[in-house]
Visitor: 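Questions regarding the structure given below will be posed in turn.
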Amino acid sequence: MAKRLTQQDIARMAGVSQATVSLVLNNRTDGGVRIAPETRARVLEVIRRTGYVANPIARRLHDQRNRILGVFTYEAVFPSTRADFYQPFLEGIEEQAEVAGCDLLLFTSAKAAEGKRRIFSDDSRIRLADGCVLLGRSIDRDDLAQLVAEAVPFVSIGRRDDAGGPVPHIGADYPAAVRNLVDRAVALGHRKFAYVGAGTGAESSADRLRGFKQAVAAHGVEGTHVQFAGLGQLLDAGITAVLAEEVSDGAALVLAARERGLSVPGDLSVLMLGAATRPAPDDVQLTGFRIPRREMGRRAVQALTEVLEHGTTPRELLACEFVEGTTLGPCRAQG
């Protein structure tokens, strides 16, 4: 697929500045702005020849805003053992910001309170940007409440509970993704399940556990939730299918089973619920689902422009993609 043309590309081909291209596209003549007719004609000819179509959001943002979008991260993302987890989100944010003709401002100077970053402080710079994308597994509830109360334009990546009002967010549909995994396992004869992971705290954990509980109840099968579990504990309970909230925990169970001479998925099926936030072995191909991280980043910027333009409160959940690994198979204990 060919790279989408930008205003910078048009400016280079026409031999003018990007600002000139923007003025031509927006037909700006106010404030003493003057563009020579031959310059305007040259820009328009390049636009005609290339078939360039200006992004309407970028054009609207140009008129009354500084075209800077902020990104606030509650957790360090460069460098970090979690860098691989956050990178797709950041790539999606960057891609869509370019499409919208906006610059990004990464807020890194937020002071930490009790080891946690906070948006608001005496020297908060959050209003330097037109609006802000929030990124992090957990987001401070007081920050959310203040953002909502002060009508600061923002969008959270990840579903968020209300905080004195609805919170605009672009999240992943974890309940549906987890239900899909349980459905597949039940179809293969599994009747005793365990959910291993926190299942509480961050909305992403709560949503996964909620999907698990909905699925086992719908099928009338046994479902156990444990925050931490060793392989022996699971086997003694007769568990045949494990859903691991953290990828590294699921991989550890697979390796432990192999060391005991057990077959995965013959003796135990292990399913992952997203992407790794901690280092995990590369030689374990877990069955599970993939979070649409890049698309969530792109859609968050699109949603933020909608907030800026129309004052809406977008709340969307994007579908996760099933990953066909090697750790889900028929239940030997069936019947």
Side-chain angles (χ1 to χ4, degrees), residues 159 171-278 280-281 283-292 317-335:
R159 188 193 70 79
D173 194 348
Y174 292 122
V178 174
R179 290 196 301 267
N180 176 54
L181 293 182
V182 175
D183 291 346
R184 291 172 181 268
V186 169
L188 291 171
H190 293 276
R191 296 295 181 268
K192 291 189 176 183
F193 292 79
Y195 181 104
V196 177
T200 59
E203 287 90 343
S204 57
S205 293
D207 287 351
R208 287 173 169 91
L209 181 57
R210 177 159 50 87
F212 174 76
K213 291 181 175 180
Q214 290 171 345
V216 295
H219 288 288
V221 297
E222 294 184 31
T224 301
H225 171 218
V226 290
Q227 294 200 15
F228 306 99
L231 178 62
Q233 176 186 351
L234 296 171
L235 295 176
D236 290 344
I239 301 298
T240 64
V242 176
L243 285 78
E245 184 177 307
E246 172 55 53
V247 173
S248 59
D249 291 340
L253 287 172
V254 173
L255 295 177
R258 290 175 180 173
E259 289 178 0
R260 291 181 56 164
L262 300 176
S263 168
V264 176
D267 297 305
L268 181 70
S269 287
V270 180
L271 304 168
M272 67 173 182
L273 307 183
T277 60
R278 303 196 306 262
D283 59 342
V284 179
Q285 303 300 315
L286 288 166
T287 301
F289 62 77
R290 181 177 295 110
I291 305 168
L317 298 179
L318 306 185
C320 297
E321 178 186 359
F322 176 71
V323 175
E324 186 75 69
T326 61
T327 58
L328 172 64
C331 177
R332 289 182 178 176
Q334 182 177 1

Visitor: Any donor and acceptor pair, going by atom type alone, linking the side chain of Arg208 with main-chain N or O of Leu273 inside 3.5 Å?
Guide: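 Yes; at least one donor-acceptor contact below 3.5 Å.
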
Visitor: For Glu246, check salt bridge (Lys or Arg N to Asp or Glu O under 4.0 Å) against everything at least two apart and list the hits.
Guide: none

Visitor: For Thr287, does its backbone N or O pair with a side-chain atom of Thr327 as donor and acceptor, under 3.5 Å?
Guide: yes

Visitor: Distance-only, no hydrogens or angles: does the Gln214 side chain make a donor-acceptor pair with backbone N or O of Arg179 under 3.5 Å?
Guide: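 No, the answer is negative, given that no donor and acceptor are paired below the 3.5 Å cut-off.
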
Visitor: Taking C-beta and beyond as the side chain, do Val270 and Val284 meet within less than 4.5 Å on heavy atoms?
Guide: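 They are not in side-chain contact.
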
Visitor: Side chains of Arg191 and Val186: closer than 4.5 Å at any heavy-atom pair?
Guide: yes

Visitor: In the structure I gave you, are the side-chain heavy atoms of Val182 and His190 within less than 4.5 Å of one another anywhere?
Guide: no

Visitor: The criterion is side-chain contact (heavy atoms from CB on, under 4.5 Å); which residues satisfy it with Lys213, sequence neighbours excluded?
Guide: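 So Lys213 forms a side-chain contact (heavy atoms from CB on, under 4.5 Å) with Leu209.
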
Visitor: Just jot down the side-chain contact (heavy atoms from CB on, under 4.5 Å) partners of Ala172, sequence neighbours excluded, or say none.
Guide: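 Here the qualifying residues are Tyr174, Ile291, Pro292, Met296, Cys320.
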
Visitor: Less than 4.5 Å apart, any side-chain heavy atom of Pro175 and any of Asp207?
Guide: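 They are in contact (side-chain heavy atoms under 4.5 Å apart), so the answer is yes.
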
Visitor: Is there a side-chain contact between Glu245 and Ser205, using heavy atoms and a 4.5 Å cut-off?
Guide: yes

Visitor: Testing Val254, Val242, Leu262 for side-chain contact (heavy atoms from CB on, under 4.5 Å) with Leu268, which one passes?
Guide: Val242

Visitor: Looking at residues at least two apart in the chain, or sitting in another chain, which of them share a side chain to side chain donor-acceptor pair (under 3.5 Å) with Asp249?
Guide: Arg278

Visitor: Could you give all pairs that pass the ring-ring contact (aromatic ring centres under 6.0 Å, His included) test and reach residues 225-265, with sequence neighbours left out?
Guide: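 Qualifying pairs, neighbours excluded: Tyr195-His225.
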
Visitor: Determine whether a donor-acceptor pair (N or O, by modelled atom type, separation under 3.5 Å) exists between the side chain of Asp267 and the backbone of Ser263.
Guide: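 Answer holds: yes.
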
Visitor: Which residues pass the salt bridge (Lys or Arg N to Asp or Glu O under 4.0 Å) test with Arg258, sequence neighbours left out?
Guide: none

